[in-house]
Number of protein chains: 2
Amino acid sequence: MTRWLDEREQRAWRGYLAMQAQLQARLHRRLQADSGLSYADFDVLVALTDRAGEQVRVLELAEALQWEKSRLSHHLSRMQKRGLVEREECADDARGAFVVLTAEGRRAIEGAAPAHVEAVRELMFDGLDADQVDALAGIAETVLGRIRAAG
Amino acid sequence: MTRWLDEREQRAWRGYLAMQAQLQARLHRRLQADSGLSYADFDVLVALTDRAGEQVRVLELAEALQWEKSRLSHHLSRMQKRGLVEREECADDARGAFVVLTAEGRRAIEGAAPAHVEAVRELMFDGLDADQVDALAGIAETVLGRIRAAG
DNA sequence: CCGGAATAGTTGACGCGTCATCGAAGTTCA
DNA sequence: TGAACTTCGATGACGCGTCAACTATTCCGG
């Protein structure tokens, strides 16, 4: 017996889906147009600047981003081709590889971040009150918990 | 002067991003594995069943889905190849085309929907109380309004 | 009725994401 | 030590999404 969504749930779900799709599309387009970076590039660069200077192993990065390793591998290849990151050999474990930010990569993220934050603000936070912001954080934490629990 | 996100906003934003990415990935994978349909297929099929029996113009469908016409065109080609939809000539306007659901398309959506709703419930709604559901709906409506306003 | 602009939809190129698979290197244990 | 197993990461194939360009038709002013 399928438990369909009731009216209240349906309103939330359809709204969420629409918001998610539109927000994603807008922010992505804007970032791309402003800076030539994709959303995915941005995430990788943020994760790398979070551990500035360190050599980061590929799987470590994948873990931090919660990405599949093959996705990251493909993406690093594309970013490397554009000069945003480099791969370095790993002496300890010859299977492995380190990823490091290039100067150009650093310049790219520093140039892109302000306009991106501004766009996030404009489309999302400037319209929400403090209660809504907290509610969103709470919802996200709850759902992430359930996802983790679901294995 | 960049207005960076404060701590509360940052918590909400990072949480939202993580939730969104994980939820998307899980639901998509599950739908694909259970029914062979992608999320995008699902959306198209839902939109078509909403106007069951009618002949629907491509741009009308694009409007309903809020998709770009080229995206829809590409996607319809893929779905047509798999026998889920058909294109029909439009007598009124020879430039145009109608899209119709095939019997197989109808079977696919009817078969896929229950498990999908169950997954949505399991990952999201079973963990949220009524206030959170309403808060989510409110947030989505607010943000969608801002997006529309931003043109 | 003609010529230019707008509209419907398709196409091609290219970047992104997943799955399955693979090769090379490390680990475990008899 | 060496055979089975696991882990690291790359790769190929394929579906998805965007942008720009294109074809074919319709609309509209003169």
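All chains are named by letter (A, B, ...) in the order of the sequence lines, taking the proteins before the strands, and each is independently numbered beginning at 1.
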**Study point:** Under 4.0 Å protein heavy-atom contacts per nucleotide of nucleotides 2-12 of chain D, with B for base, S for backbone only and - for none
**Key:** -----BBBBBB
Check your understanding: Pick the nucleotide of DNA chain C nearest each of A:D41 and A:A94; which residue has the one closer to the 5' end?
Key -> A:D41
Check your understanding: So, do A:H116 and A:Y39 have ring centers that fall under 6.0 Å from each other?
Key -> yes
Once you round it to whole Å, what is the distance between [atom2] of [N] and [atom1] of [X]?
X	N	atom1	atom2	answer
B:H28	C:dC16	NE2	P	18 Å
A:R82	C:dG15	CZ	P	8 Å
A:M79	C:dG15	CE	C1'	13 Å
A:L27	D:dG17	CG	C1'	16 Å
B:D92	C:dT7	CG	P	18 Å
A:F42	C:dC16	CZ	P	15 Å
A:E68	D:dC14	CD	C1'	15 Å
B:Y39	C:dC16	OH	P	23 Å

**Study point:** Residue from A:L101, A:V56, A:L61 passing side chain to side chain contact (heavy atoms under 4.5 Å, CB included) with A:R51
**Key:** A:V56
Point to revise | salt_bridge(B:R11, A:E141) N-O dist < 4.0 Å | key: yes
Practice item. Before accepting this row, confirm whether a basic side-chain N of the pair A:R3/A:E9 lies closer than 4.0 Å to the acidic partner's carboxylate O. Key: no
Practice item. May I ask whether A:L27 and B:L144 are part of the same hydrophobic cluster, defined by side-chain heavy atoms of I, L, V, M, F, W, Y residues being less than 4.5 angstrom apart, directly or through others? Key: yes
**Study point:** Among D:dT25, C:dC16, D:dT18, the nucleotide that comes nearest once only the side chain of A:H75 is considered
**Key:** C:dC16
Review point. Short question: side chain of A:D50, backbone of A:A47 - any donor-acceptor pair under 3.5 Å?
Key: no
